[in-house]
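What follows is a set of notes on a single structure, which appears directly below.
Whatever order the structure lists ligands and atoms in, that order sets their numbers, starting from 1. In what follows, every heavy atom counts, from backbone to side chain, and hydrogens, waters and symmetry copies are set aside.
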Amino acid sequence: MEPMAMAVLGVAGRMGRMLAGVVRDHPEATLSGATVRPGHGWLGQDVGTALGGPKIGVAVEADAAAVTARASAILDFTSPAVTVAQAEIAAAAGTVHVIGTTGFSDDQQAAIARAAERTAIVQAGNMSLGVNLLTELTRKVAAALDASWDIEIVEMHHGGKVDAPSGTALMLGDAAATGRGGTLAEMAERGRDGLTGRRVAGRIGFASLRGGDVVGEHDVIFAGEGERIVLRHIATDRAIFARGAVRAALWARGKPPGLYTMRDVLGL
Ligand code: NAD
């Protein structure tokens with residue numbers, strides 16, 4: 001099969017740079033385009049040169065529609081507003097849209113679900129194999145334990161992260177809630193501060209730490225009487241997310257419209 005033409009949105013970002021490198025070096029993919037926000041200093045430059053390497057013959061652009069028209073898949077780790085606009089562009093063009101962006105409001109998430117009626121979208125708050133396995137383990141452990149076990153999710157990321165709790169923490173919380181036969185919306189306890197009162201049984205608590213260059217760390221803690229289970233994932237290299245995104249795009253090639261997750265991609 002021909003290598004799949006993939007475009008990277010926000011190529012100057014932490015994840016964008018990583019994605020461009022992984023796509024460029026992947027035997028089943030070619031980099032067909034890359035965008036930056038309007039006015040960015042990389043506009044018009046060769047992507048390879050902008051990333052500090054040799055030329056690769058692909059120019060950095062700001063026009064997402066033009067880039068989408070030449071691609072079979074869009075790899076999007078940007079911001080919620082950019083991603084929601086892109087979902088509409090990709091749906092109109094019938095292009096696979098891989099969404100790694102996190103921090104969507106309910107309305108934004110609903111807009112993505114509507115776009116997925118017209119094209120294949122793979123969305124995951126975390127694209128790594130390890131975290132997706134951890135999600136499955138969390139669901140199973142939560143299902144095996146009764147509500148006398150308190151569930152707390154602690155995450156740490158670099159200081160540049162703008163949303164909290166992380167998309168991954170919410171994904172893990174959703175798995176824990178599902179394991180317990182409920183929904184995260186009714187069980188989540190976010191942002192404790194001050195005189196909070198006693199912990200309410202059955203809630204899933206979240207805590208977010210920020211600092212340094214931490215790529216992403218997540219603990220799911222099941223705290224019982226006299227014992228504690230801690231499921232932990234530590235990411236040390238952003239390449240795990242980029243490789244997952246490329247794998248998702250290749251998997252979604254030719255798939256019918258729908259909103260898919262990494263669970264589908266990895267066959268978990
Ligand atoms: P970042 O701020 O380094 O990168 C975002 C980039 O998007 C910036 O360079 C910004 O200039 C660019 N951008 C803004 N508007 C744009 C536009 N209109 N067109 C093109 N580019 C535009 O952030 P990051 O650390 O790379 O993370 C990006 C997102 O990905 C966040 O939501 C983060 O939580 C998420 N993330 C997800 C995973 C995962 O596995 N799902 C992993 C890591 C990060």
Side-chain angles (χ1 to χ4, degrees), residues 7-22 33-45 47 50-51 59-68 71 74-90 97-105 108-109 112 121-135 155-172 174 208 210-218 233-249 259-263 265-266:
V8 173
L9 294 195
V11 72
R14 276 176 287 261
M15 278 305 301
R17 293 164 196 250
M18 192 57 77
L19 286 159
V22 169
T35 69
V36 288
R37 61 175 162 69
H40 193 276
W42 287 12
L43 269 177
Q45 284 189 40
V47 177
L51 292 172
V60 179
E61 298 172 58
D63 184 348
V67 165
T68 304
I74 301 297
L75 309 181
D76 179 356
F77 289 62
T78 56
S79 69
V82 173
T83 298
V84 168
Q86 179 60 38
E88 189 49 46
I89 297 170
H97 189 188
V98 177
I99 300 177
T101 309
T102 61
F104 297 103
S105 67
Q108 289 172 323
Q109 188 56 46
I112 290 170
I121 296 179
V122 183
Q123 182 185 15
N126 192 303
M127 299 262 169
S128 80
L129 174 63
V131 159
N132 283 280
L133 281 175
L134 179 66
T135 306
E155 52 105 346
M156 181 159 188
H157 284 83
H158 56 88
K161 185 162 179 60
V162 296
D163 56 319
S166 69
T168 303
L170 293 171
M171 212 168 106
L172 293 166
D174 189 61
S208 298
R210 295 288 176 266
D213 60 357
V214 178
V215 172
E217 302 187 359
H218 294 85
H233 182 267
I234 296 178
T236 52
D237 186 349
R238 284 189 179 81
I240 58 173
F241 311 127
R243 285 197 293 266
V246 172
R247 184 165 172 176
L259 187 52
Y260 303 100
T261 67
M262 283 306 279
R263 221 179 151 193
V265 175
L266 298 170

**Message:** Quick one: does any side-chain atom of Thr101 pair with a main-chain N or O of Thr78 as donor and acceptor, under 3.5 Å?
**Reply:** yes

**Gap separating the CG atom of Leu133 from the CE atom of Met262, nearest 0.5 angstrom** = 10.5 Å

**Close approach, Gly125 and ligand 1, non-hydrogen under 4.0 angstrom** = yes

**Asked** Can you check whether Thr101 has an N/O within less than 3.5 Å of an N/O in ligand 1?
**Response** no

**Message:** Is it the case that ligand 1 has an N or O less than 3.5 angstrom from some N or O of Ser79?
**Reply:** no

**Item:** ligand 1 contact by Lys161, heavy-atom criterion under 4.0 angstrom
**Value:** yes

**Fill in**
In this structure, CE of Met18 is separated from CG of Leu75 (nearest 0.5 Å) by 14.0 Å

**Message:** Under 4.0 Å, heavy-atom basis, I'd like to know which part of Ala124 is in contact with ligand 1: side chain, backbone, both or neither.
**Reply:** backbone

**Nearest neighbour in protein (non-hydrogen) for atom 8 (C) of ligand 1** = Gly13 CA, 4.0 Å

**Complete:** For Val82, the ligand 1 atoms with a heavy-atom partner under 4.0 Å come out as 15 (N), 16 (C), 17 (C), 18 (N)

**Fill in**
Checking heavy-atom distances from atom 12 (C) of ligand 1 to each of Gly100, Gly216, Gly10, the winner is Gly10

**Request:** Measure the OG1-CD distance between Thr68 and Glu88 for me, rounded to the nearest 0.5 Å.
**Result:** 11.5 Å

**Asked** Any N or O of Met15 that comes nearer than 3.5 Å to an N or O of ligand 1?
**Response** yes

**Met127-ligand 1 polar pair, N/O distance under 3.5 Å** = yes

**Request:** Can you see which heavy atom on His97 is nearest to which on Thr83, and at what distance?
**Result:** CE1-O, 3.7 Å

**Sub-4.0 Å heavy-atom approach of Ala12 to ligand 1** = yes

**Request:** Could you tell me whether atom 10 (C) of ligand 1 has a protein heavy atom closer than 4.0 Å?
**Result:** no

**Prompt:** Please state which protein non-hydrogen atom is closest to atom 33 (C) of ligand 1 and give its distance, to 0.1 Å?
**Reply:** Thr102 OG1, 3.8 Å

**Message:** I'd like to know if Val36 contacts ligand 1, where contact means a heavy-atom distance under 4.0 Å to any ligand atom.
**Reply:** yes

